[in-house]
There are 2 protein chains.
Amino acid sequence: MSTVEETAGGEAQPWDEVTPDAARRLLLAAVEAFAERGYHATTTRDIASRAGMSPAALYIHYKTKEELLHRISRIGHEKALEILRTASRTGGGPTERLAEAVSSFVRWHAGGRTTARVVQYELDSLGPDARAEILGLRRKVDAEVRGIIEEGARSGEFDVIDVHATTLAVLSLCIDVARWFNVDGPRTPEEVGALYADLVLRMVGARGPGAAQR
Amino acid sequence: MSTVEETAGGEAQPWDEVTPDAARRLLLAAVEAFAERGYHATTTRDIASRAGMSPAALYIHYKTKEELLHRISRIGHEKALEILRTASRTGGGPTERLAEAVSSFVRWHAGGRTTARVVQYELDSLGPDARAEILGLRRKVDAEVRGIIEEGARSGEFDVIDVHATTLAVLSLCIDVARWFNVDGPRTPEEVGALYADLVLRMVGARGPGAAQR
DNA sequence: GCCGAGGGTGAGCGGGCGCTTAGCGAGCCC
DNA sequence: GGGCTCGCTAAGCGCCCGCTCACCCTCGGC
């Protein structure tokens, strides 16, 4: 039922911006390895061999192992931000936009679980500078969701006690999908996205059109 | 406002069951180190020196570095399960019990963030056998929450579309607190617990007493 | 006072890590 | 077609890892 290609590592992420081809293959191998075992448990030899190259080939395209994680993290966060911004720009009121944001964000975390895992959980393995840069992107992600919730609260379409805490909770819900989602499990990314969108609308007390009414 | 002791590593967890004293100090040092840098990035030398001992001292009390993680993980999961069971056994209907379960579970994840981080996020660093044992405990945690939600759904006190998915989402919300909670941040564990209990009651569409009515 | 047991140390082992370097071969320019 | 560039490899360096071993100190029992 899922429409995105889900070859191991391929998933929903295109990685088109990474060139040349060898650099992309290495990056893809790194994503897989980091997601499976974590950054620190992954060796450069493992990454290289997954990409069908010798250990030394990695250092032609990347200065260090950390640069790989940094690149993956930045591209991933930019993709996440783009998803939320697209959803936020769709027509309709806060209810529709929040539902669209959550369901597409969840779809990305579920369908591209391999990438999302690295992006969301390996942040602390970055050095201070890279980490600070990525944290800037995360604040933008946060602001995007908070913006929608704030607007709904102001217009009275939502009923929210604490906008900041609710924003955090909504993001928690979406991000944690990358921790537990199993591609071979009973639910498709689309189903989880729809379910979670409904749960989030309940959390913000949405009364407007699109809220779960019964 | 917080009543639990929050000395670094001490937190809400007693670790009384770990004896002798040197073994407990090592375990505590390991919890701190694993939470800060992750299991694979932590060295046995770091653990030992945090505990004020030589690197070799570790191997008097533990066979391997993994045994430390295994012990931490089991004790932590047992504590988590105990918290949920206690909450589940309090008087009142599903609404009160779910609220109590969520708020106390969140308080544990926030107040004992150091421990909770290791318990919830370092599971994959365990070997197959230890991992399987811990996964058994996790299923019990899951069952505890699902039990309350199921009961509320059956009695009509809750309005839930998908019990399994909702259970997962509730646990997600609680567990993810260990990822973002900051002891120096603006909110106490108690505040987050209360906020999240309210959000969860909304998610399950609680209509009974204790639900956020307005 | 001697002994054994148990908690602890200093030194160091084998090995695998991230990363480097010297060199090789295919393709392109002139 | 000679030479330069670029992508890549084989070999290996230096380091630090998890873990071990020989030995030591302290303390209770007799």
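Predicted model only: the values in this text are computed from it and were never measured.
- When side chains are defined from C-beta on, L126(A) does not count as touching Y39(A), because their heavy atoms never get closer than 4.5 Å.
- Ring orientation note: the planes of F105(B) and W108(B) are close to parallel, at an angle under 30° on the 30°/60° scale.
- For E133(B) and H70(B), the side-chain atoms include at least one donor-acceptor pair closer than 3.5 Å.
- Between chain A and DNA chain D, the heavy-atom contact criterion of under 4.0 Å yields a 5' to 3' nucleotide range of dC8(D) to dG12(D).
- Counting only distance, with no hydrogens or angles, the side chain of Q120(B) and the backbone of R117(B) share no donor-acceptor pair below 3.5 Å.
- The stretch residues 34-53 of chain A comes close to DNA chain C through T42(A), T43(A), T44(A), R45(A), each having a heavy atom under 4.0 Å from the strand.
- R113(B) places a side-chain N or O within 3.5 Å of a backbone atom of F181(B) that can act as its donor or acceptor partner.
- In this structure, the OH atom of Y59(A) is 7 Å from the P atom of dT20(C), given to the nearest Å.
- Between the CZ atom of R25(B) and the C1' atom of dG7(C) there is a distance of 11 Å, rounded to whole Å.
- Remark: P of dG7(C) and CG of L26(B) are 12 Å apart, rounded to the nearest angstrom.
- Separating the CG atom of L69(A) from the P atom of dG18(C) is a distance of 13 Å, rounded to the nearest angstrom.
- The residue among P20(A) and L58(B) whose nearest nucleotide of DNA chain D is located toward the 5' end is P20(A).
- Formation of a donor-acceptor pair under 3.5 Å by the K79(B) side chain with backbone atoms of R74(B) is not found in this model.
- For Y196(B), there are no ring-ring contact (aromatic ring centres under 6.0 Å, His included) partners at least two apart in sequence or on another chain.
- By the 4.5 Å heavy-atom criterion applied to side chains, L58(B) and M53(B) are not counted as neighbours.
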